[in-house]
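Remarks on the structure that follows.
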Amino acid sequence: MSQVFESNASCVWSLLQPFATTTLLGVNGNQELELGQNKMIHSLFLINSAGDIFLEKHWKSVVSRSVCDYFFEAQGKAKDVENVPPVIPTPHHYLISIYQDKIFFVAVIQTEVPPLFVIEFLHRVVEMFQDYFGECSEAAIKENVVTVFELLEEMLDNGFPLATESNILKELIRPPTILRSVVNSITGSSNVGEALPTGQLSGIPWRRAEVKYTNNEAYFDVVEEIDAILDKSGSTVFAEIQGVIDASIKLSGMPDLTLSFMNPRLLDDVSFHPCVRFKRWDSERVLSFIPPDGNFRLMDYHVGSQNLVAIPVYVNHNINFKESGSSGRFDVTVGLKQTMGKSVEGVIMTVHMPKVVLNMNLTPTQGTYTYDPVTKILTWDIGKINPQKIPNLKGVICLQSGAPKPEENPNLNIQFRIQQLAISGIKVNRLDMFGEKYKPFKGVKYITKAGKFQVRT
Amino acid sequence: MTDSKYFTTTKKGEIFELKAELNSDKKEKKKEAVKKVIASMTVGKDVSALFPDVVNCMQTDNLELKKLVYLYLMNYAKSQPDMAIMAVNTFVKDCEDPNPLIRALAVRTMGCIRVDKITEYLCEPLRKCLKDEDPYVRKTAAVCVAKLHDINAQLVEDQGFLDTLKDLISDSNPMVVANAVAALSEIAESHPNSNLLDLNPQSINKLLTALNECTEWGQIFILDCLANYTPRDDRESQSICERVTPRLSHANSAVVLSAVKVLMKFMEMLPKDLDYYGTLLKKLAPPLVTLLSAEPELQYVALRNINLIVQKRPEILKHEMKVFFVKYNDPIYIKLEKLDIMIRLASQANIAQVLAELKEYATEVDVDFVRKAVRAIGRCAIKVEQSAERCVSTLLDLIQTKVNYVVQEAIVVIKDIFRKYPNKYESVIATLCENLDSLDEPEARAAMIWIVGEYAERIDNADELLESFLEGFHDESTQVQLQLLTAIVKLFLKKPTETQELVQQVLSLATQDSDNPDLRDRGYIYWRLLSTDPVAAKEVVLAEKPLISEETDLIEPTLLDELICHIGTLASVYHKPPNAFVEGSRGVQHKRLPPRTGSNESPESPELAQPAAAQPVDQPPAVIPSQGDLLGDLLNLDLGPPTSGGTPAITSAMQMGAMDLLGGGLDSLVMQGGAGGRQETGFGGPAVMPSSLNAPVGGGLGDLFDLGSGVGMPTGSYVVPKTVWLPAMKAKGLEISGTFARRMGTIQMDVTFTNKAMQIMTDFAIQFNRNSFGLSPAAPLQLATPLSPNQTIEVSLPLSTVGPVMKMDPLNNLQVAVKNNIDVFYFSSLYPINILFVEDGKMERQVFLATWKDIPSDNEAQFQIKDCHLNSDAVSNKLQSNNIFTIAKRNVEGQDMLYQSMKLTNGIWILAELRIQPGSPNFTLSLKCRAPEISQFVLQSYEAVLKN
């Protein structure tokens, strides 16, 4: 019977529409006040890995921290911290959380709020903490708790984001520095700005006015990460490139920059920092913008699975467990494939071995390896690959005696770095500056890294 | 010299010490003290006792100190309203400050002090700030209007703030516009019909202009607001789309998703042959793919929305299958979502890749994920016919792994594959049978039993296999029991000679030793079928099954369209309409996609040709029925909606057959006692059955109807005692029990609500699903007070019979949804048919006679009512008070014959002949009606009335 009912549920749902409006008419003013209180982000709880709530901030009325019990319950169900679902319903609230730097940021909302809005905002909070305190850790937050509170208050008003741009916030609330705290304690001055931030209302909220540098510099980092899944035989199941262009701009005044590419055709899936003029990109394929001051991400791009993605390394592997007996063989070689003549360095392979693997007795021809019998993670730090001498790791796997042969095959996770190469082939053509007279130093750096680079065995 | 020192003082005299410091003459000391207070507040300590001392620090030139005091005020003003008044003067003064930062800060904080008394002092400063020369102050004031509206909506309206807010939509500063839109949207949410956001082409134009210049958050507000607008025609629609498209390249994923929502909605209006339509489709894919490279939390929300989008417009992402491939270290909630989308995108073109992936996933570590992957293989087979063979062989490979849960899932899906492609893959049955012993989950056991029963003729030892299950019959779950019953009956019909004993055993287990009504009913029905007419039984039980259709888990189209209008919201994450689950979202407008204006639909894309805002589809696409329903399909052919792709002619013929058999079968059983038995011949050994049947049939039925007996009502219509419809366990602490009654000509549902939860329940509302007789609440559910924990409230809800009608199974099934502040709950209840008997149900004698003759004898049903010790007059009276009217009484051969009539609310007449033999407690009831399926329920009513 319940089965039947469930399949009819959607049709009941559509029937339910009219009554929402009728209940509305029946609600009296008092109740409305009760209900209406809660728009947007209501409260924020920060929870450390030990499960302690070490900070709470309420933008409206105070929500009891007992609401986090629902979060703890969900956390208990998920075996891994990463597996806690990001949206958790409770009888009266919804909890939307992110997990960053071993801290859960749990936002409490009570009405329909776009979850992405909340998640984006939480990430912005994390970024701001990193920006202000150098790291986003429990210790750093506790150490700067008053600043944290001032920041949170400045970032959100009544649940609406107010100032989330780093440069605006920094004018309102100055980041703590050792020097300033000493000066403040002597002079009694504060770390709160007294004047309205200049960028706040201009058409370019991301930049403050009257920036001055003696050395004017503009540097760009083109960073590409290869996400790939290779199957047993080494052929590519899926590969794509996630690229970003990070900028570090220290230019005086109001520079107006134009960045152009040798081959902009590669970029058909892009997202920009708000400073980029989309129209110019759309018509001319150049990035035209007045930059924020300091470090920021100019654009993200994505070179999809439609294009052919070069795979710089190959992996030959032979991992097998003996049908009977308590051992297995492990033999893995990592070699170079399409590297465009650049060297591949920082190569690390991690393997999550099956539960029954007690220990591993291996010999690397290069680098060092560790096996942690508790987490079952094998890490092989290879370093730079010399094309003349291909690194290999082989040896014996010790299994728990008597346990059945493991069903699953471990995945190999590869990390690497290639300097001076953007694997997609993207190249910056030139950077022009308008609006200011001085000549800035300019520079572009390319780097390719492995993102989620997995080899199935 | 960090703030962590503020955490260290935890000794007893802390508050006292702080008090002293707050009242210190030294500025620096004061500030330090306030910081300590704030630090205590952040970790949840109660420092409200310091309220007056902190407020005293408010009048200061030091902005930091002022801000800190304001922070404190916002937290504690509500608990100290009288004290909060003390702060008002400072606020008013600060609103005049030459520094715009301080003016804005003051108006912002005032709005956050949720104290009624303060609001009136707030109006004048707020009015000034709304017209402030500095846009920073104006935008802050705009939000403050929304805050004030929260506290006192009437005040905001009386003071004309709403109009001022509307004017701000035309403000020269985009940030002010964005905040005004945000504030208005928030207010509009509590006034759904207020037309606050009066969107017209002019205001839309202003919004679109502001969209380009305001902050990312403002863009979200504006886009969400735009999504509520319905363009006049496709040209306007296109021009809005053109101006929104650049937002797809924004770095903020919430902006992207809001833009996707606007585009998905407005696209609906564009003619499909338009070039721009194709361009737009192409532009939507990359941003969606990009969302998948973000943090896992963002990915999750994106995936839930993509799930909707691929159902609505699969063509957008049809080439992007690979981005949904699962990485082994994705969080589990991402893996499961990706898998679901992979299946939705699976097609002949990419099926090979998909299958290879699924097979890979089936060897992963996480059990939930592996199970879902195995199921997905089955769904592929059903969805893409060309792949079926590969899927089956993949499944067989997986079965060879002997991993217990993999084998069980594989068997469940193979059963569905058999149903979709009959007579194609039965060669694998032998392999399946090898794994019989390892099955320990009900669903897998039921699936295996179904397979054995369905293909009994090809499995040599089918009887042995089924018999082995029968040993532990009572320990099995209901679905396995039901399946076993059907399977053995099938086996018997296929191999009658060897399996008589088995079938008798299962029938008696089901009817005599089980207290599960579903099982008993099904047992009786089979028993009667077999004992009456085995040929007919064969036709019914072994009938050709309708094929199951391909797509599963599709969201119902109307709901899907509504959810598309809510992309990016919680509704889209939960795939439920927004008003259904978020507390306090009163009067969320029921959003619909706009109708397409272009007339040139391309017929070659049928899934799109249908305007999305079309009528709700009456017949949802047939999905793979779950285990329990498979049987239902067989037995409920007469009442269930016709399954698409079935064979309607056969179905209807069988439907008649089934009805006849039931009536006739019972007849023969009943007659058996007196008339020496009209024993059926024609199949094996049932000669012995009827005699043993007599008792269980009567007794069993009696038991069923006696369940509710207890309080007898001497006069008035009979009301079944209340039964629990919704146990508290299933409804987050709300228990609902109830019954139905007919009083003074109206139908009433007597309901008892009991709050077994720890929290107060409010905002009750009730809704019925469509049902056979159009029952619907005649008045809203009125619960006078909120329901406190452990409180019970009884309500009588008057019902009307003018609601929408849909034939239910069983006929008197009523599906009810009850909503409260916590959730919406569903349950179903069966109402006695006698509540539908109307007061003017007495037929003229002549009419009665004519009608009786007129109704074909096929429609006559005869029943036995046992153990009723009443004389004919008492019977008449009892029935009369339940609107069953005796028209005539005759005495034929010492038997009293009562001729009775009753009329249902929908005008259907039922005629009855009740034969009472004085001295015998057994009555014979013959019913004639043009709608014979109702007879069963009329009998139930007779039984209930006469025995209580």
Side-chain angles (χ1 to χ4, degrees), chain A residues 3 5 10 12-17 19-24 35-37 39 55-56 82-83 85-87 91-92 98 111-112 114-117 119-120 142-146 149 157-158 160-161 181 188 190 192 194 196 200-201 203 238 242 269-273 278 302 305 407-408 411 452, chain B residues 1-4 28 35 39 42 63-64 100-101 108 135-136 143 147 150 182 186 190 217 246 249 251-254 257 286 290 293 297-298 300-301 322 325 327-328 331-333 363 365 556 558-559 568-570 573 577-579 582 584-587 590 626 628 765 767 769 817 822 826 828:
Chain A
Q3 281 286 327
F5 208 95
S10 60
V12 179
W13 283 123
S14 51
L15 284 170
L16 277 169
Q17 302 313 328
F19 90 41
T21 17
T22 52
T23 30
L24 165 76
L35 290 167
Q37 282 184 14
K39 295 287 147 57
L55 186 118
E56 57 184 279
E82 277 89 15
N83 287 344
V87 187
H92 296 283
I98 64 166
T111 47
E112 178 63 87
L116 278 189
F117 180 107
I119 294 171
E120 280 279 0
K142 276 190 167 167
E143 218 152 86
N144 298 288
V145 70
V146 176
F149 239 57
D157 174 24
N158 194 40
F160 297 119
S181 58
S190 76
V192 168
E194 301 271 337
L196 195 58
Q200 177 75 287
L201 288 155
F238 156 84
Q242 309 289 351
D269 182 0
V270 286
S271 46
F272 298 122
H273 187 279
F278 186 79
H302 172 248
S305 42
E407 287 300 332
E408 77 270 11
N411 275 291
K452 288 180 174 174
Chain B
M1 182 76 197
T2 67
D3 294 347
S4 55
E28 198 49 33
K35 282 191 175 179
T42 58
L63 189 60
E64 185 180 21
L101 193 61
R108 196 171 113 203
Y136 181 72
V143 175
K147 296 182 199 169
D150 239 14
E186 181 178 330
S190 53
W217 314 108
S249 301
N252 184 320
S253 61
L257 209 54
T290 300
S293 56
E297 306 93 13
L298 292 170
Y300 172 71
V301 177
K322 283 184 173 177
F325 285 0
K327 304 195 176 75
Y328 82 96
I332 180 71
Y333 54 86
T363 60
V365 191
E556 190 248 342
T558 0
L559 178 60
T569 65
L570 278 173
V573 172
N579 56 350
V582 174
S585 60
R586 302 138 290 160
H590 192 29
S626 59
Q767 187 90 13
N769 198 356
I822 296 170
Y826 302 103
S828 60

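Convention: sequence-line order gives letters A, B, ...; per-chain numbering from 1.
Residues passing the side-chain hydrogen bond (donor to acceptor under 3.5 Å, both in side chains) test with B:T363, sequence neighbours excluded: none. Residues passing the ring pair (Phe, Tyr, Trp, His ring centres under 6.0 Å) test with A:F149, sequence neighbours excluded: none.
B:Y333 touches chain A through its side chain: at least one heavy atom from C-beta onward sits under 4.5 Å away, while N, CA, C and O do not. Proximity to chain B is limited to the side chain of A:Q242, based on heavy atoms less than 4.5 angstrom apart. Interface residue A:F278: only side-chain heavy atoms are found under 4.5 Å from chain B.
Among all heavy-atom pairs drawn from B:G568 and A:P115, the shortest one is O-CD, 3.0 Å. Smallest separation of non-hydrogen atoms from B:K322 and A:F238: O-CD1, 3.2 Å.
Most heavy-atom pairs under 4.5 Å with chain B, from the set A:I98, A:V270, A:I119, A:L116: that is A:L116. Note on B:I332, B:V573, B:N252, B:T290: by heavy-atom pairs under 4.5 Å with chain A, the leading option is B:N252. Per-residue counts of heavy-atom pairs under 4.5 Å with chain A were compared for B:A254, B:S249, B:P331, B:A182; the largest is that of B:S249.
A:D157 contributes atom CG, which lies 3.5 Å from atom NZ of B:K147 (distance to the nearest 0.5 angstrom).
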